[in-house]
Chemist: 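Below is one structure. I have some questions about it.
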Amino acid sequence: MLCRAQKTSRRRQDRHQRTRRYFQHRLGNQIPRMFRLTATTVKDAMQSSAPRSDIVVQGWVRTRRDSKTFSFLELNDGSSLRSLQVIAKDSLPNYGEVQKITTGASIAVHGDLVASPGKGQRWELVADRIDIVGRAEDSYPLQKKGHTPEFLREIAHLRPRSNLFGCVFRVRSRLAFAIHTFFQERGFVYVHTPIITASDCEGAGELFRVTAIDPASPPRRADGSIDYTKDFFARCTYLTVSGQLEAEAFACALSKVYTFGPTFRAENSNTSRHASEFWMIEPEMAFCDLQGNMDLAEELVKYLIRDVRENCAEDMELFAKFVDRELLARLDFVLDRQFQRVTYTEAVELLEKSGQKFEFPIGSGLNLQSEHERWLTEKHFKSPVTIFNYPKQIKPFYMRLNDDGKTVTAMDLLVPGIGEIVGGSQREERLEVLEQNMRRHKMNPAEYKWYLDLRRYGSVPHSGFGLGFERMLMFVTGVSNIRDVIPFARTPGSAEF
RNA sequence: UCCAGCGUAGCUCAGUGGUAGAGCGGUCGGCUGUUAACCGAUUGGUCGUAGGUUCGAAUCCUACCGCUGGAGCCA
């Protein structure tokens with residue numbers, strides 16, 4: 001009998017052989033002998049506790065420096081911010097070719113990991129074989145020197161090879177993982193709400209239409225208007241602006257659910273905080289009031305900050321050094337401090353008493369402007385603030401009406417530098433009140449029959465919120481433009497990549 | 001969509017009506033256990049696009065496009 005470790009080891013070997021046979025079959029003998037999916041990552045090599053002989057590392061060359069009898073190559077494979085220094089001696093059979101390697105080229109290196117005699121790194125890889133996998137033409141736009149984010153945005157396909165964007169997208173991955181961990185640990189069920197929907201669920205935001213109709217010859221009604229009953233879904237359909245309504249249906253069955261997926265808004269918004277395609281996290285909890293909702297939102301924000309602080313330390317150091325010098329202090333401050341919580345009315349009073357001159361008026365029934373939110377988070381509280389119980393006329397139909405008849409159980413979580421990062425509410429669970437709200441918002445209750453059914457059959461108090469994934473990522477990285485935390489950003493007039 | 005600013009070499013920028021510039025990068029050579037290496041030479045331009053004013057426009061005017069900051073909408 002094999003023990004478990006032996007079985008795992010054998011399975012791994014089998015898999016490697018299969019992979020290797022596959023590539024040899026596909027590429028014949030052109031592939032380097034050392035080309036293995038099991039290559040050592042730069043990250044593992046750098047973290048090594050002892051010298052290691054006979055390893056393979058593969059990646060992209062950041063820079064090459066020649067010395068008298070050898071070359072230094074800096075090799076990066078994206079496994080971490082850091083690059084591995086490779087020593088290529090002139091005794092290598094293809095040293096002439098190695099000296100032609102330029103920034104951006106891809107190589108595979110076989111050799112021994114040894115303690116580095118130079119300053120600046122603990123380990124270096126002394127190569128006994130270097131395979132040049134793919135050369136880089138001398139027009140390769142990335143230099144060793146820093147580039148502006150604006151320039152890198154124009155080469156979105158190459159920018160993940162830069163230090164800054166490598167860090168951003170490693171943290172993005174970790175943050176997404178942390179979101180799932182947070183909810184899964186707390187017994188939430190992950191629900192995939194539809195991307196294509198028929199309902200303009202919040203009445204908020206312009207929608208992208210989804211259609212299979214030929215724009216050159218659309219089916220028409222007698223009056224000449226386009227007949228969408230002849231369209232693919234036999235009705236008007238759109239890309240989702242929120243999974244909330246569907247999440248409510250699942251919360252009223254599985255109790256605690258969350259969605260995490262793409263969201264689309266066709267707003268002509270040209271700001272550093274808006275994108276046409278972004279990701280949103282929307283938890284929805286049955287038997288949960290506004291207090292529980294706010295508690296969860298604050299707990300989530302803190303959890304996510306703590307997670308990337310602990311698990312992306314090296315990347316976070318880069319942000320602190322090159323993006324925002326106060327980043328780490330601000331994040332730690334947020335972790336240490338109780339989030340502030342005030343009602344809309346209290347917030348308005350604070351603003352009125354502030355003595356501060358604002359461009360826009362403050363007053364009951366008026367929306368808080370960016371400058372007001374900024375004053376509250378950045379000047380007054382100097383910490384995240386949750387504002388709740390807003391006037392009903394400035395909030396959507398589904399929010400629960402308070403007993404005062406004037407305010408609804410809305411809550412916005414504001415953070416310094418970004419503004420609104422979470423928006424949520426307790427939902428109106430009373431059928432009659434919800435129908436009244438809909439009529440007040442000039443909506444036809446008949447078109448929302450399935451949503452109203454949730455109030456007809458076993459209605460329960462329930463709450464939820466939306467957390468903007470990219471805004472959270474901006475907050476934890478200090479990156480100030482949303483286009484720089486999305487791999488291939490979609491904004492008005494821009495979808496090149 | 002609104003307000004303001006910007007658009008000059010691959011990148012970062014100087015050049016305010018009279019011959020198109022620098023640093024970095026690239027290329028070539030030298031030096032060197034180097035670290036955003038160093039030294040020398042060299043390469044590099046439809047001055048965002050289209051009109052207009054002028055003897056003459058990178059420079060002044062108009063429109064459009066793009067980017068940046070702010071506003072609205074929101075996550």
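Keep in mind the model is a prediction, meaning the values are calculated, not measured.
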Chemist: Between the base of B:U1 and the side chain of A:E267, is one N or O donor paired with an acceptor at under 3.5 angstrom?
Modeler: no

Chemist: Figure out the CZ/P separation between A:F465 and B:A75, and round it to whole Å.
Modeler: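 Value for this atom pair: 13 Å.
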
Chemist: In whole Å, I'd like the distance from the CD atom of A:Q99 to the P atom of B:U32.
Modeler: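 Atom-to-atom, A:Q99 to B:U32, this comes out as 14 Å.
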
Chemist: Can you say whether a donor on the side chain of A:E124 sits under 3.5 Å from an acceptor on the base of B:G33, or the other way round?
Modeler: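 Counting by modelled atom types and ignoring angles, a donor-acceptor contact under 3.5 Å is found here.
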
Chemist: Quiz question: going by heavy-atom distance under 3.5 Å, is there a donor-acceptor pair between the base of B:C73 and the side chain of A:S269?
Modeler: yes

Chemist: Would you kindly give the CG-to-P distance between A:L366 and B:A71, to the nearest whole Å?
Modeler: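 Distance, rounded to whole Å: 17 Å.
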
Chemist: Would you compute the distance between atom CD1 of A:I107 and atom CD1 of A:I132 and round it to the nearest 0.5 angstrom?
Modeler: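 Those atoms lie 8.0 Å apart.
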
Chemist: Send over the distance from A:W279 CH2 to B:A75 C1', rounded to a whole Å.
Modeler: 15 Å

Chemist: When you measure from the side chain of A:H372 to the backbone N and O of A:F360, does any donor-acceptor pair fall under 3.5 Å?
Modeler: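 It does hold such a pair.
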
Chemist: Using atom CD1 of A:I87 as one end and atom P of B:U32 as the other, report the distance to the nearest whole Å.
Modeler: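 Nearest whole value for this atom pair: 17 Å.
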
Chemist: For the pair made of CG in A:L75 and P in B:U35, what is the distance, rounded to whole Å?
Modeler: 19 Å

Chemist: Can you measure from NZ (A:K302) to CZ (A:R309) and round to the nearest 0.5 angstrom?
Modeler: 14.5 Å

Chemist: Classify the side chain of A:R471 versus the base of B:C74 as yes if they form a donor-acceptor pair under 3.5 Å and no if they do not.
Modeler: yes

